[in-house]
Amino acid sequence: GLGISNKKDENFGEWYSEVVVSGEMIEYYDISGCYILRPWTMSIWEIMQTFFDAAIKKMKIKNCYFPLFVSPGVLEREKDHIEGFAPEVAWVTKSGKSELEVPIAIRPTSETVMYPYYSKWIRGHRDLPLKLNQWCNVVRWEFSNPTPFIRSREFLWQEGHTAFATKAEADTEVLEILELYRRIYEEFLAIPVIKGKKSELEKFAGGHYTTSVEAFIPTTGRGVQGATSHCLGQNFAKMFEINFENEKGEKAMVWQNSWAYSTRTIGVMVMVHGDDKGLVLPPKVASVQVIVIPVPYKDADTQGIFDACAATVNTLSEAGFRVEADFRDNYSPGWKYSHWEMKGVPLRIEIGPKDLANSQVRVVRRDNSAKIDISMANLVEQVEELLANVQQSLFDVAKQKRDACIQIVKTWDEFVEALGQKKMILAPWCDEEEVEKDVKARTKGEMGAAKSLCSPFDQPELPEGTICFASGKPARKWTYWGRSY
Ligand SMILES: O=C1CCCN[C@@H]1CCCn1cnc2cc(F)c(Cl)cc2c1=O
Ligand SMILES: [Mg+2]
């Protein structure tokens, strides 16, 4: 193709949509808010899944699979759990031509599906801790503007649901899982995130507290919740009577957590790293890390060039890299360069007559277009070093851009100005829910209201007497604010 026609800094929405389609990650579907995830997406999802699944298995968390369907009685069991969510619940009302006696909900999340069985399975302290996870899809019939990966009516995620005898165990696990989410973003997707606690207004209403990793998109000036790890306290234990006989023979309620990350992670990666040539994939999650392209020239030794390409693929795949060659004879080298740049492959290796003659290959980095000639002799070491450099460089550049968007403010006027400059705002806050509601009301507009993103665990110094940016009351904590997805 002729490359991407939309510019990232000019019309972000169209650019994003074009990049995910031209990069062959997404195909649009005839039902709004639903997208086809093509292999280029699924390979990224699987690489992250392999890491996360192995990590939770080390924590003795087991995978299971609960039904997609939820009976209405169970779903409605928890009023404030689903208050506000009800409009986005999808229902099955018919089979064939006949109406179902009772409509059946499709899971938007699985608390109400799973916890009646937690109640049945957990009797005594020996049944604890019960730690289950499922990899599945969920459906939320949202109406706000659908965006591939970021907001879709069906998406893939993992949802972990754990039950412990003590709060201490639950509190510990919440943070262990949050650290895994940080690693997914920072070590695999090369995206800096901030760990913190959600406000009372933004937390999961059914829970005790919510922690999250927060990402930020400098181009749009919007925060995006990257993943969440909730401590549910004993709220659901009360609701679903999940009790156990403790070691003293007393009846006690369990302490629970639930945690999730979804295919939204992939959308954040596209938004942060993508450029006007298309996708830019971090090597750790790239299904093809190196693409080898023959550059035949007139009657120069074409077979020799093809053989060198094949040998390069073998050497690198033997060394454990994900490498392919593009031997298609119906496309020119130039077309192939553009195609694989659109797909975001981290390194391109070109082999032409000159390279062959000098027993070297020409390597081109996708992230910064640097061109490097390396000898075929130490191909593996050089490619390994290059891929590591690309991974680190993508993170460093993304962190530098994100940090440049962070603005510390002390007053409302500074806050409003920073918001207008698409900043991620760090402000001293009184931590009162009414004040947060007031901030939302005062910043409402077609760009969307500002909201609290998280209160970072890493709290800067808060001098005595510091006042809240919004209320003037004594500030209690530093909190990140911004517009969000
Ligand atoms: O975020 C997680 C981690 C994994 C398990 N779930 C929690 C909370 C999910 C909140 N949430 C989010 N969206 C929802 C949409 C709904 F239609 C209904 Cl009925 C409920 C919810 C809802 O509870
Ligand atoms: Mg929602």
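First listed ligand is number 1; within each ligand, the first listed atom is number 1.
At a heavy-atom cutoff of 4.0 Å, ligand 1 is contacted by both the backbone and the side chain of F85.
The A260 neighbourhood of ligand 1 comprises atoms 3 (C), 4 (C), with distances under 4.0 Å to a heavy atom of that residue. Interface of T228 with ligand 1, defined as ligand atoms under 4.0 Å from a residue heavy atom, comprises 1 (O). Close approach of ligand 1 to H161 (heavy-atom distance below 4.0 Å) involves ligand atoms 5 (C). Counting the atoms of ligand 1 from 1 in the order shown, those under 4.0 Å from a heavy atom of W259 are 3 (C), 4 (C). Which parts of ligand 1 touch P108 is read off a 4.0 Å heavy-atom cut-off, strictly below it: atoms 15 (C), 16 (C), 17 (F), 18 (C), 19 (Cl). Set against the non-hydrogen atoms of V89, the atoms of ligand 1 under 4.0 Å away are 17 (F), 19 (Cl).
Using cut-offs of 30° and 60° for the angle between ring planes, the F52 and W259 rings count as perpendicular.
Within the structure, side chain to side chain donor-acceptor pair (under 3.5 Å) pairs that include any residue of residues 52-66 comprise D53-K57, D53-N63, D53-W135, N63-N133, Y65-R107 (at least two apart or interchain).
Applying the salt bridge (Lys or Arg N to Asp or Glu O under 4.0 Å) criterion to R38, with sequence neighbours excluded, gives E27.
Nearest-heavy-atom check against atom 2 (C) of ligand 1 across R140, Q225, H230 picks out H230. Of the listed options E111, E159, R107, E111 places a heavy atom closest to atom 6 (N) of ligand 1.
A donor-acceptor contact closer than 3.5 angstrom is absent between the side chains of E202 and T210. Side chain to side chain, S212 and Q225 fail the donor-acceptor criterion of an N or O pair below 3.5 Å. Side chain to side chain, Y181 and T265 fail the donor-acceptor criterion of an N or O pair below 3.5 Å.
Note: L394 CG to K284 NZ = 11.5 Å, rounded to the nearest 0.5 Å.
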